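On a predicted model such as this, the values are computed, not experimentally measured, just so you know. Numbered from 1 within each chain, the chains take letters A, B, ... in sequence-line order.
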Amino acid sequence: MLLPFALLLIAYAVGSEIRLSDNPNDKLLPSFPTLYEAVQRMAFEPDKRTGNYLLWQDTVASLMRLSIGVLVATLMGSIVGIAVGLIPYVNRTMSAFISVLAMIPPLAVLPILFITFGLGELAKIVLIVFGIAPFMMRDIALRVGELPSEQIVKAQTLGASTWHIAWRIVLPQMWPRIIDALRLSLGTAWLFLIAAEAIAAQSGLGYRIFLLRRYLAMDVILPYVAWITFLAVLFDYTLQKFQIIAFPWFAVGRSSE
Amino acid sequence: MTQVSVQNLWMEYGDQVVLEQVNFEVETHSFVSIVGPSGCGKSTLLRLLLSQEHATRGEILVDGAPLPLNPDPDRGVVFQKYSVFPHLTALENVVLGLELEQGGLFGRLHGKAKRRAKAEALHHLEGVGLKDSAHKYPASLSGGMQQRLAIAQALIKKPRILLLDEPFGALDPGIRSEVHDLMLRLWWETKMTVFMVTHDLKEAFYLGTRVIALDRTRKREEEKERYGASIIFDTPSEPAPIIQELAAEAETDTETNQNT
C-alpha cells in the first residue's frame with residue numbers, strides 16, 4: 001500500500017537532486033531541507049508583517065468556508081432530496097428544475113456571486129453550496145427512491161403519517177447515505193473553495209498558493225498542496241469510520257447483500 | 001358474520017385487464033388462502049385489500065363500510081421481503097408501531113411510556129420466539145427470523161385483518177412448517193381475518209380455512225389483454241390439526257365454565 005507513495009517521494013528526490021546540481025537556484029523542485037525550512041517559516045514562525053502564523057491562519061479561514069458551505073449544502077441536500085424522493089407531488093414539480101440547476105457550471109456563476117454578494121465570505125460559501133448541493137439533492141432523492149415500497153406501505157399499516165415516514169423511516173436510513181454523498185462531494189467542495197479563494201480573498205489555503213505562484217515559491221506551494229491533501233484524506237477517513245461506528249446496521253446490511 | 005365483502009371488482013392497468021368480476025364474502029376470523037398461477041393478479045388483489053392500489057371498478061367493504069383510501073393500522077401486512085426496517089433492532093421494529101401511535105409529532109416515546117411500550121413489544125417478540133434476538137438488527141437475523149419479526153411487528157397494532165404476500169415463500173422447508181404453526185396459533189389467538197397469497201397449494205390448504213383460486217378463463221393470445229382473471233375455484237378447507245386441537249380445548253373450557 002505504501003509502495004507507490006515511496007516511489008513518488010524517491011522520484012521527486014532524484015528529480016530535485018538532478019535539477020539542483022545543474023542550477024543551485026532552481027525553484028521548480030526544491031530540496032527537502034528547503035521545503036522543511038518553508039514549513040517552519042509558514043507554520044511555526046509569526047509572519048514579519050502581520051505577526052500571524054500564516055499556515056494556521058490560512059487553514060482556519062479555508063476550513064471555516066468549507067465547513068459552512070458543506071454543512072449548508074448537506075442540509076439542503078437532505079431536506080430537498082428526501083422531499084423529492086418521498087413525495088410524488090414534490091418530485092413532479094421539482095426534479096426537472098434540480099436537474100437543470102445541477103447542469104449550470106458553478107464557476108460560470110462565480111462572477112454573478114461576486115457581484116451579488118460582494119467579495120467577502122458569503123460569495124465563497126455560496127459557491128461551494130452551489131457546487132455540491134444539486135448533486136446531493138439528486139443523490140439523496142435517488143437513494144430515497146431505492147427504498148423498497150414495501151417499507152413505506154408497512155409504515156402506513158403501522159399508523160405512520162407522511163411526516164412520520166420521513167422522520168422515522170426515511171431520514172434515519174438516509175444518514176449513512178448522506179455521509180456517502182458527503183464523501184463524494186468533498187473533493188468538489190475543495191475545488192470550488194480554492195477557485196473562489198484564488199480569485200478574491202485575503203487569506204486561505206487557495207489564496208496563499210495562488211499568491212505565491214507569482215514568486216514561483218514552490219517550497220511553500222508544495223507543502224500547502226500536501227497539507228490540503230492530508231486534510232481531505234483525513235476528513236474522508238473520519239467520515240468513513242464515523243459511518244461504520246454510528247450506523248452499524250448499514251455496514252452489516254451492505255456486506256450481506 | 002360477514003366481515004369483508006368484495007363486490008364485482010375490476011382492475012385494469014391501461015388496456016391490460018388484470019382482474020374482472022371478482023366477488024366474494026369473507027366471515028370474521030377466516031383464514032383465506034389465495035392461489036393461482038404467476039401473473040394472475042393474486043398480489044394485485046392483496047394490494048387492493050390493503051388500499052395500496054385502487055380498483056378500477058367495484059367495491060371492497062369491511063363491516064359494510066368502504067375501505068379507507070390509504071393503508072391503515074386496521075390492516076396489517078407481511079411481505080415476502082423488506083417488511084422490517086433495517087435501521088431498527090428487532091425490538092425497535094416492534095416498538096415502532098406503538099411509538100407512531102402514541103409518540104406524537106416525532107413518533108417517539110420516552111421514560112415510563114417507552115418502558116411500557118418496550119415491555120409490550122418484548123411480549124410480542126417472545127410470542128414469535130425472538131426474545132433473545134431483541135437487540136439484533138434484521139440483517140443479522142435469518143430469513144425465518146425476519147419473517148417472524150415482521151409478524152410480531154404487524155400484530156402489535158392488533159389489526160383486524162392481516163394480509164400476507166407469499167410470506168413464507170423464501171423460507172427453508174423445516175423453518176417454514178415451524179412458522180406455519182406459529183402463524184396458525186397467533187391467528188387463533190387474535191381472532192383476526194387473514195388473507196394469504198401463496199403459490200404453494202399444500203401450504204394454502206394446510207393453513208387456510210378457505211381457498212380461493214384465481215385464473216384467467218380465456219387464455220387465447222389475442223384475448224389475454226382484454227380479459228382478466230377471476231375466481232375459478234372457491235372451497236372451504238379443513239382447519240389444520242393444531243387448530244382443531246385448540247378449538248377442542250376451547251370447547252371443553254366453555255363447557256366446564258358453563259357447568260360450574
Side-chain angles (χ1 to χ4, degrees), chain A residues 78-79 81-83 85-91 140 142-182 242-257, chain B residues 43 46-47 49-53 68-90 92-108 135-143 146 150 153-159 161-163 165:
Chain A
S78 315
I79 295 171
I82 288 177
L86 187 63
I87 306 168
Y89 175 74
V90 180
N91 191 333
I140 297 303
L142 285 176
R143 300 280 103 58
V144 173
E146 278 170 9
L147 290 180
S149 61
E150 284 93 336
Q151 280 194 16
I152 310 297
V153 176
K154 180 82 189 198
Q156 285 179 308
T157 67
L158 295 178
S161 60
T162 304
W163 159 251
H164 276 147
I165 293 174
W167 180 251
R168 291 285 333 254
I169 310 298
V170 178
L171 181 64
Q173 293 193 69
M174 283 307 121
W175 284 127
R177 294 171 171 94
I178 289 171
I179 291 181
D180 277 341
L182 191 58
F242 174 72
Q243 187 190 45
I244 292 171
I245 294 166
F247 310 103
W249 57 270
F250 189 68
V252 178
R254 231 180 210 180
S255 58
S256 72
E257 262 168 25
Chain B
S43 288
L46 205 73
R47 282 198 293 274
L49 286 166
L50 188 58
S51 307
Q52 193 181 348
E53 289 177 18
L69 283 173
N70 285 307
D72 66 344
D74 248 4
R75 289 161 292 160
V77 66
V78 175
F79 296 106
Q80 183 171 10
K81 283 205 286 186
Y82 307 126
S83 287
V84 293
F85 301 107
H87 63 294
L88 301 174
T89 62
E92 289 168 342
N93 258 295
V94 182
V95 172
L96 183 69
L98 297 175
E99 285 197 303
L100 292 172
E101 179 189 317
Q102 304 159 10
L105 181 61
F106 293 105
R108 280 190 192 279
H135 297 289
K136 286 188 182 158
Y137 286 104
S140 35
L141 299 176
S142 69
Q146 285 189 24
Q153 184 189 39
L155 290 186
I156 201 161
K157 298 300 285 186
K158 303 191 169 55
I161 299 175
L162 183 65
L163 303 160
D165 194 355

(request) Look up atom OG1 in B/T89 and atom CH2 in A/W249, then write down how far apart they are to the nearest 0.5 Å. (result) 12.5 Å
Minimum-distance pair of heavy atoms, taken over all atoms of [X] and [Y]:
X: A/Q151; Y: B/Y82; result: CG-O, 3.8 Å
X: B/Y137; Y: A/P248; result: CE1-CG, 3.9 Å
X: B/Q153; Y: A/K154; result: OE1-CE, 2.9 Å

(message) Please classify the contact between B/K81 and chain A as side chain, backbone, both or neither, with a heavy-atom cut-off of under 4.5 Å.
(response) backbone
(request) Please flag which part of B/N70 lies under 4.5 Å from any non-hydrogen atom of chain A: side chain, backbone, both or neither. (result)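 Contact with chain A is through the side chain of B/N70 alone.
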(request) Write out, in numerical order, the residues from residues 171-178 of chain A with a heavy atom short of 4.5 Å from a heavy atom in chain B. (result) A/P172, A/Q173
(message) Heavy atom to heavy atom, less than 4.5 Å: which residues from residues 156-164 of chain A reach chain B?
(response)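 Answer by number: A/Q156, A/T157, A/L158, A/G159, A/A160, A/W163, A/H164.
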(request) Would you check if A/V153 and B/R47 make a side-chain contact, meaning some heavy-atom pair closer than 4.5 Å? (result) no
Between [options], who has the most heavy-atom pairs with chain A when the cutoff is under 4.5 Å?
options: B/L163, B/V77, B/L100; answer: B/L100
options: B/G97, B/P138, B/P86; answer: B/P86
options: B/L50, B/L96, B/L105; answer: B/L105

